[in-house]
Amino acid sequence: TLQLLVTCTPSGLSAGSSTGTFTSTYCTSVSSGNAGRIVDFSTTGGVTNISNLSSGYSAGGYGNFTAMSVSQYQSSPVTFSASLNIGSGVGFGVWVDWNQDGDFADTGENVYNSSGYLYANPTSISFTVPAAATLGNTRMRIVSNYNAGTPSPCNATMTNGETEDYTFTVLT
């Protein structure tokens, strides 16, 4: 059971709740330029899949596509394909917040990272939903970073690239 405790600093009074919806805020990832942008992103092999083709460059380098979702069972694979504006080399990564703690920092949450410059688009790359992944909706983040071989899910000063967020639903 989760409980939210809010304390008013001036008075020191507190109030708690164990019901309701609690949300966390994911880190910011923005870009000031569109070189290295994400052109297409799609998944296959899930119970439901994402097809975000020709999405165009998102304002500020961040696209909130959480209305689109991919769903898959624990211990089952999902395959993704991406088309990027590559130019002279792009780093690309995919993260899923498997434990729903509001970050992409835990072991296994970086499900793909180019770990070097891509000069061709990543296609048909699979990852498996962990057996212990928390059930329900969580965040999936993809990042394309121009001239950065190893992208980060949280980059507030990216010069060129794009970040897109989607919903990933873990099924039992």
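Computation of the quantities below employed the complete heavy-atom set of this structure, encompassing side-chain atoms and omitting hydrogens, waters and symmetry-equivalent molecules.
Tyr166 and Asn52 share a donor-acceptor pair across their side chains, judged by distance under 3.5 Å alone. If you check the side chains of Ser69 and Thr169, you find no donor sitting under 3.5 Å from an acceptor. In this model, no donor atom of one side chain and acceptor atom of the other lie less than 3.5 Å apart for Tyr57 and Asn85. Judged by distance alone, the side chains of Thr44 and Asn49 never bring a donor and an acceptor atom under 3.5 Å apart. Inspection of the Glu164 and Ser58 side chains reveals no N or O donor paired with an N or O acceptor under 3.5 Å. At a cut-off of 3.5 Å, with distance as the only test, no side-chain donor of Ser81 or Ser42 sits close to an acceptor on the other residue. Thr163 and Ser29 form a side-chain donor-acceptor contact under 3.5 Å, judged by distance and modelled atom types alone.
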Going through the distances and angles, do Ser71 and Val47 end up as a side chain to side chain contact (heavy atoms under 4.5 Å, CB included)? CA-CA 5 Å; Ser71 62; Val47 174; 3.5 Å; yes
Applying side chain to side chain contact (heavy atoms under 4.5 Å, CB included), run through Val39 and Ser55 and close with a yes or a no. CA-CA 6 Å; Val39 179; Ser55 62; over 6 Å; no
After noting the C-alpha distance and the side-chain angles of Asn155 and Val143, does the key distance pass the side chain to side chain contact (heavy atoms under 4.5 Å, CB included) rule? CA-CA 9 Å; Asn155 192 338; Val143 176; over 6 Å; no
Go through the steps to decide whether Thr167 and Thr66 satisfy the test side-chain hydrogen bond (donor to acceptor under 3.5 Å, both in side chains), and finish with yes or no. CA-CA 5 Å; Thr167 297; Thr66 55; 4.7 Å; no
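A donor-acceptor contact shorter than 3.5 Å is absent between the side chain of Ser115 and the backbone of Thr150. Although no hydrogens or angles enter the test, the distance criterion places a donor-acceptor pair under 3.5 Å between the side chain of Thr43 and the main chain of Ile50. Side-chain N or O atoms of Gln72 include one that pairs as donor or acceptor with a backbone N or O of Pro77 at under 3.5 Å. Looking at Arg141, its side chain does come within 3.5 Å of a backbone N or O of Pro153 through a donor-acceptor pair. Judged by distance alone, with hydrogens and angles left aside, the side-chain atoms of Ser144 form no donor-acceptor pair with the main-chain N or O of Gly161 at under 3.5 Å.
In terms of heavy-atom proximity, Phe80 sits nearest to Val94 at CZ-CG2, 3.8 Å. Closest of all the heavy-atom pairs between Gly33 and Ser31 is O-OG, 2.8 Å. Contact record, Phe92 with Ala82: CZ-CB, 3.8 Å, taken as the closest heavy-atom pair. Heavy atoms only, all atoms of each residue included: Val90 and Gly36 are closest at CG2-CA, 4.0 Å.
In this structure, Cys154 and Thr28 have side chains that are not in contact, with every pair of non-hydrogen atoms separated by 4.5 Å or more. Residues Ser114 and Pro151 are in side-chain contact: their nearest non-hydrogen atoms beyond the backbone lie under 4.5 Å apart. At least one side-chain heavy atom of Asp103 sits under 4.5 Å from a side-chain heavy atom of Glu109. Between Glu162 and Tyr62 the shortest side-chain heavy-atom distance does not fall below 4.5 Å. Side-chain contact between Leu171 and Gln74 is absent, with no heavy atoms from C-beta onward closer than 4.5 Å. With a 4.5 Å cut-off on side-chain heavy atoms, Trp95 and Asn113 count as touching.
One hydrophobic cluster holds both Met140 and Leu135 under the rule that ILVMFWY side chains link at heavy-atom gaps under 4.5 Å. No path of Ile, Leu, Val, Met, Phe, Trp and Tyr side chains, each step under 4.5 Å between heavy atoms, connects Val111 with Phe104, placing them in separate hydrophobic clusters. Val30 and Ile38 fall into different hydrophobic clusters, where Ile, Leu, Val, Met, Phe, Trp and Tyr residues are linked whenever their side-chain heavy atoms come under 4.5 Å apart, directly or through other members. Linking ILVMFWY residues whenever their side-chain heavy atoms come closer than 4.5 Å, directly or via other members, places Tyr112 and Val170 in the same cluster. Taking hydrophobic clusters as Ile, Leu, Val, Met, Phe, Trp and Tyr residues chained together by side-chain heavy-atom distances below 4.5 Å, Leu118 shares a cluster with Ile125.
We find the CG-CD1 distance between Leu84 and Ile86 to be 5.0 Å, quoted to the nearest 0.5 Å. Thr134 OG1 to Asp97 CG: the interatomic distance, rounded to the nearest 0.5 Å, is 8.0 Å. A distance of 8.5 Å separates CG in Asn160 from CG in Asn145, rounded to the nearest 0.5 Å.
Taking the six-membered ring where the residue is Trp, the centroids of Phe168 and Trp98 are separated by under 6.0 Å. Note: Phe41 and Phe65 fail the aromatic proximity criterion, with ring centroids not under 6.0 Å apart.
A salt bridge links Arg139 to Asp165: at least one charged side-chain nitrogen sits closer than 4.0 Å to a carboxylate oxygen.
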